Amino acid sequence: MANWYSIKAAADGDGQQPPTICIYDEIGYWGVTAKDFADDLKALGPVTALTVRINSGGGEFFAGLAIGNLLRTHPAKVTVKIDGLAGSIASVIAMAGDTVEMPSNAMMMVHNVSWWASGTAEDLRETAEVMDQMRKSLVAAYRSKTGLDDAKLDELLTDSGTWMTAAEAKELGFCDVVTDAVDATNFARVDPARFAKVPTAIAAKLAPPPPAPPPDAADPAKPAEARQIADLCAKAGFPELTAGLLTGTATAADVTRRIEDARKVQDACTRFRRPDMARNLIAAVATGLTVDAACAIANEAAADRDESVVTDTSRPNGQPQANGWGSAVAKLKK
């Protein structure tokens, strides 16, 4: 199971480095709950300083909000270092820093709340109420750090989002210290399509590199050897495709096409916040399901999961339970 964060413990005091928390990749979607984060943070013991390194395009709203609150209320002095990008809910976590540092070529992005919903008109009205409460949480987090008034924050929290350089973030109060530039390749690898509007220069940094061409690209119709199939699938991150491709006479072009289909399904599952379905849907595509159908299934499943924004920590991995939007509204209004 992939983790989007790691906590490296270190002895505190006597000139040694403080414990470091790295928040990289998509926040929250890989089975790690805010409770897990709280338990790991508690296990560090009574430290007096924490370093939080962020390179993330964002992720699950409530997981990120909870983590930001855990860091904000922690007795240690929290130093946040944005290694490449703090986007969406990752920027809210950054606001928990007593000091926020950004290299001169790092970026921060803030935007209005976005969500997925389906159902009746009443369901959608309840969803809108929840989103209004979510936005209030965003405004409170940004206001606490920056001191900006609500009118200025409304200008920044647009649907398309506001992308800030380190200098701009410092001017607005989102960042305290601008440091020397770092290698721009350190930007988080996320799908630019998940954001409503991305500056062209930033989109190029965010997008994953194109897949390497197969060794037999000059003759894509030539049957691929077993070792070649295994290597291509492993390098693409889909080793589970190997067995199915070895049962026939797959060409290098067939392997590349199967990998591209798997990547599209995986991206859709991530975009619709159902990465738990990716493996099964990729397997279904390999046996005849169309990519479009697989993506549609992930979209429908996202609507089912979105019926709850409350995490039940008594269930395995703290997976959400179907409490309904009405229950979520009631809890948020308390």
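Heavy atoms only: backbone and side chains are in, while hydrogens, waters and symmetry mates are out. It should be emphasised that the depicted structure is a prediction, and the values quoted were computed from it without experimental measurement.
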> Going by an N to O cut-off under 4.0 Å, is there a salt bridge joining Asp176 and Lys170?
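So Asp176 does not pair with Lys170 through a salt bridge.
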> Does a sphere of radius 6.0 Å around CD in Glu171 hold more than 12 heavy atoms from other residues, nucleotides or ligands, not counting ones at 6.0 Å or beyond?
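Open.
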> For the pair Asp98 and Lys77, find out whether any cationic side-chain nitrogen is under 4.0 Å from an anionic carboxylate oxygen.
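The answer is no: the pair does not qualify as a salt bridge.
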> Kindly compute the distance separating CG (Leu65) from CG (Asn69), expressed to the nearest 0.5 Å.
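Answer rounded to 0.5 Å: 5.0 Å.
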> Given Asn112, which of Thr158, Asp159, Asp154 fulfils the side-chain hydrogen bond (donor to acceptor under 3.5 Å, both in side chains) condition?
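By the side-chain hydrogen bond (donor to acceptor under 3.5 Å, both in side chains) criterion, Asn112 pairs with just one of Thr158, Asp159, Asp154: Asp159.
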> Quick one: list whatever passes salt bridge (charged side-chain N to carboxylate O under 4.0 Å, His left out) with Asp39, sequence neighbours left out.
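Applying salt bridge (charged side-chain N to carboxylate O under 4.0 Å, His left out) to Asp39 gives Lys35.
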> For the CG atom of Leu172 and the CE atom of Met108, what is their distance to the nearest 0.5 Å?
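Leu172 CG to Met108 CE: 10.0 Å, rounded to 0.5 Å.
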> Could you tell me whether Lys264 and Asp292 have a side-chain N and a carboxylate O separated by less than 4.0 Å?
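Salt bridge between Lys264 and Asp292, a charged N being under 4.0 Å from a carboxylate O: no.
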> Would you tell me whether Thr270 and Asp267 have side-chain atoms, one donor and one acceptor, within less than 3.5 Å of each other?
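Result is no, nothing qualifies.
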> Taking ring pair (Phe, Tyr, Trp, His ring centres under 6.0 Å) as the cut-off, I'd like each qualifying pair that reaches into residues 129-162, sequence neighbours left out, listed once.
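Listed by first then second residue: Tyr142-Phe174.
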> Just by modelled atom types, is the Leu156 backbone N or O under 3.5 Å from a matching donor or acceptor in the Thr162 side chain?
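Answer holds: yes.
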> How many angstroms lie between atom CE of Met107 and atom CE of Met109, to the nearest 0.5 angstrom?
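Spacing of CE (Met107) from CE (Met109) equals 9.5 Å.
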> Quick one: CD1 on Ile7 to CG on Leu50, what's the gap to the nearest 0.5 Å?
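Reported value, rounded in 0.5 Å steps: 8.0 Å.
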> So which heavy atom on Val285 is nearest to which on Ala294, and how close?
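It is CG2-CB, 3.8 Å.
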> Flag the pair Glu260 and Arg257 as a salt bridge only when some basic side-chain nitrogen lies within less than 4.0 angstrom of an acidic carboxylate oxygen.
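Salt bridge: no.
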> Under a plain distance cut-off of 3.5 Å, with no hydrogens placed, do His111 and Ser88 share a side-chain donor-acceptor pair?
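Indeed, the side chains of Ser88 and His111 share at least one donor-acceptor pair under 3.5 Å.
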> Looking at Lys152 and Glu155, is there a salt bridge between them, counting it only when a charged N and a carboxylate O are closer than 4.0 Å?
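Salt bridge present between Glu155 and Lys152.
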> Within this structure, what is the CD1-SG distance for the pair Ile54 and Cys22, rounded to the nearest 0.5 Å?
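Taking CD1 in Ile54 and SG in Cys22, the distance rounds to 10.0 Å.
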> At what distance, to the nearest 0.5 angstrom, does CZ of Arg135 lie from CG of Leu157?
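Between Arg135 CZ and Leu157 CG, I get 5.0 Å after rounding to 0.5 Å.
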> Is there a path of hydrophobic side-chain contacts, each under 4.5 Å between heavy atoms, that joins Val139 and Ile93?
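Yes, same cluster.
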